[in-house]
Amino acid sequence: MAFESLSERFQKIIKKVKGQTRLTESNMDEMLKEVRIALLEADVNFKVVKEFTESIKQKAIGEEVYLKLNPSQMVVKIVHDELTSLLGSDSSELIYQKNKPTVIMLVGLQGTGKTTSAGKLALLMKKKLNKKVLLAAGDVYRPAAIDQLKQIGSQIDVDVFSLGCDVSPVEIAEKAREKAFNEHYDVLILDTAGRLAIDEPLMKELNDITNDITPDETLLLVDAMSGQDAINVANAFNADLKISGIIMSKLDGDARGGSALSIKYLTGIPIKFAGVGEKLTDLDVFHPDRMADRILGMGDVMTLVEKVQEEIDEKEARKDAAKMMSGEFTLDDMVAQMKKVQKLGSLGGLMKLIPGMPSLTEEQKLVAEKEMKNLEVIVNSMTPEERRHPEILKNSRKVRIAKGSGKTNADINRVIKKYEQSKEMMKRMKQYQKSGKVPPGMGGMLPPGMGGMM
């Protein structure tokens with residue numbers, strides 16, 4: 001995940017600051033030096049780093065942080081506010097038209113995943129915002145791009161407008177807008193052609209489309225993996241087109257995050273969406289304050305809550321909770337709960353959203369995912385009675401289940417132990433329910449392979 005190494009460095013710096021009995025100008029300078037190095041290693045633009053650290057120092061002096069009883073908390077707040085400002089503290093949400101379709105033109109270089117991002121954006125608007133979306137295939141130079149957009153539209157049940165490869169992109173945009181108006185679509189997303197590099201014909205074509213249909217939003221797709229080149233691309237596009245926002249893809253990859261921290265400051269263009277995976281569901285609205293929380297190790301509870309609300313039915317969740325609290329918790333229930341957690345995203349990604357949770361190494365993620373798969377295979381090899389009453393699982397039954405699932409008796413015992421831990425935790429949760437306190441040992445409620453990480 002982008003920002004991972006930066007986040008680790010920031011958390012160490014903050015921990016060190018909190019360990020100081022008092023804050024002086026000397027140890028403040030030392031902290032800022034470490035912040036500077038961390039940002040530069042994350043490929044943040046040098047000018048941005050300089051302004052960022054100077055602003056923190058000036059605000060610390062202005063707030064008289066040195067005289068505070070608990071100066072470290074004030075420093076953390078200042079750093080958080082500055083990070084949020086750097087990422088784009090102004091509201092960057094799309095503004096939708098009320099009585100006509102909102103027209104969005106998606107632009108970018110070839111090979112950045114523009115067509116897939118058009119589908120991701122359409123799905124996000126349909127699923128989260130209940131919008132009626134029309135996709136338009138405007139890349140007439142690549143028949144494969146038109147076919148790809150049609151396939152994506154079919155997958156997400158969104159209409160795709162196309163006139164093939166023998167019509168000008170301007171005419172396609174005009175006809176698509178006409179269809180969107182006449183058939184009362186809420187949003188029109190136009191996928192445009194890209195080039196391997198910015199050239200005059202590309203910009204002329206995009207300007208012609210802009211002059212013809214006057215899009216409400218012109219969103220530029222940039223790749224987080226391209227580092228500081230993303231800033232050059234943004235400036236080049238913005239010089240000819242009025243770019244209203246950025247979709248930054250591959251923020252789930254190994255990018256150091258420097259472009260995301262630099263681009264708003266250096267171009268004035270806000271990041272509006274973040275691509276966080278290859279699935280069509282892997283596009284999030286970009287919230288600067290939440291990203292600042294994550295970088296500083298504060299989690300992102302709001303995003304976690306939204307994921308839960310999107311993927312898990314509230315009535316069903318309440319029913320499951322009541323069932324578990326009553327002690328009626330079977331192995332089938334355990335597998336069902338595990339699958340619901342998996343729907344929310346990767347384990348590593350979920351852990352980052354929970355404040356105070358440790359980050360997982362790649363090895364730990366693999367172990368956890370393997371054990372979750374093993375659990376499902378093992379439980380599916382049991383009879384319905386065994387899944388309802390695991391206490392009847394004596395050695396002869398375990399041998400049969402091990403053979404049927406291709407696992408070992410030790411694997412079966414680990415599943416049973418995890419089940420017993422979860423059931424015990426349910427009892428303790430019931431006891432703590434009235435007090436409102438969280439019982440110790442919540443690790444027992446984590447998916448298999450993660451219980452020992454708390």
Side-chain angles (χ1 to χ4, degrees), residues 2-14 16-17 20 23-66 68 71-92 220 222-239 243-246 248 251 255-272 274 286-298:
F3 301 120
E4 193 153 341
S5 61
L6 178 63
S7 179
E8 289 174 5
R9 291 288 296 273
F10 264 63
Q11 288 175 53
K12 286 178 183 177
I13 293 167
I14 288 169
K16 191 174 179 181
V17 171
Q20 302 285 350
L23 203 60
T24 64
E25 190 169 350
S26 174
N27 55 31
M28 184 74 177
D29 285 341
E30 186 182 340
M31 181 208 77
L32 289 174
K33 181 181 178 182
E34 291 183 30
V35 167
R36 192 178 299 113
I37 292 170
L39 290 171
L40 289 172
E41 289 182 352
D43 197 28
V44 179
N45 181 276
F46 175 77
K47 181 183 176 183
V48 174
V49 174
K50 185 181 178 185
E51 295 285 340
F52 179 78
T53 51
E54 285 182 0
S55 183
I56 291 173
K57 186 171 184 177
Q58 290 303 314
K59 288 190 176 177
I61 294 169
E63 294 280 353
E64 298 184 328
V65 166
Y66 306 128
K68 302 288 183 182
S72 62
Q73 289 183 357
M74 185 65 72
V75 170
V76 172
K77 182 183 183 301
I78 290 171
V79 172
H80 180 274
D81 290 347
E82 287 302 301
L83 269 176
T84 303
S85 177
L86 202 61
L87 289 162
S89 55
D90 298 335
S91 176
S92 59
L220 171 67
V222 296
D223 187 335
M225 301 292 285
S226 64
Q228 294 301 304
D229 281 345
I231 293 158
N232 298 329
V233 169
N235 278 324
F237 269 94
N238 201 36
I243 302 297
S244 58
I246 287 169
M248 185 157 280
L251 270 176
R256 288 177 288 174
S259 56
L261 279 166
S262 306
I263 203 162
K264 171 62 168 66
Y265 183 89
L266 294 175
T267 69
I269 308 169
I271 302 173
K272 295 200 174 187
F286 188 81
H287 297 281
D289 55 337
R290 298 186 192 180
M291 187 56 73
D293 285 345
R294 291 196 212 182
I295 293 172
L296 295 178
M298 298 175 181

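Here the straight-line distance linking atom CG of Leu220 with atom CZ of Phe237 works out to 6.0 Å at 0.5 Å rounding. Interatomic distance, Leu261 CG to Leu83 CG, rounded to the nearest 0.5 Å: 6.5 Å. Rounded to the nearest 0.5 angstrom, Asp29 CG and Arg36 CZ are separated by 8.5 Å. Atoms CG and NE2, on Asp289 and His80 in that order, are 6.5 Å from each other to the nearest 0.5 Å. A distance of 3.5 Å separates OH of Tyr265 from CD of Glu51, quoted to the nearest 0.5 Å. Atoms CG and CZ, from Leu39 and Phe46 in turn, are 12.0 Å apart once rounded to the nearest 0.5 Å.
Take Asn232 and apply the side-chain contact (heavy atoms from CB on, under 4.5 Å) test, not counting sequence neighbours, and it matches Asp229. Judged as a side-chain contact (heavy atoms from CB on, under 4.5 Å), and not counting sequence neighbours, the contacts of Asn45 are Lys47, Val48, Gln228, Ser262, Leu266. Residues passing the side-chain hydrogen bond (donor to acceptor under 3.5 Å, both in side chains) test with Asp81 are Lys77, sequence neighbours excluded. The side-chain hydrogen bond (donor to acceptor under 3.5 Å, both in side chains) search around Ser244 returns Glu217, not counting sequence neighbours. Remark: Thr53 pairs with no residue by the side-chain hydrogen bond (donor to acceptor under 3.5 Å, both in side chains) rule, at least two apart or across chains. The side-chain hydrogen bond (donor to acceptor under 3.5 Å, both in side chains) check on Glu30 picks up Lys16, with sequence neighbours excluded. Applying the side-chain contact (heavy atoms from CB on, under 4.5 Å) rule to Lys12 yields no partners; only residues at least two apart in sequence or on another chain are considered.
Of all heavy-atom pairs spanning Glu34 and Ile13, the tightest one is OE1-CG1, 3.5 Å. When every heavy atom of Leu87 is checked against every heavy atom of Pro288, the shortest pair comes out as CD1-O, 3.6 Å. Closest non-hydrogen pair, Ser259 versus Ala224, comes out as OG-O, 3.7 Å.
Two residues are said to be in side-chain contact when any heavy atoms from C-beta on lie closer than 4.5 Å; Phe286 and Ile246 fail this criterion. Put simply, the side chain of Thr267 reaches to within 4.5 Å of the side chain of Ile231, judged on heavy atoms.
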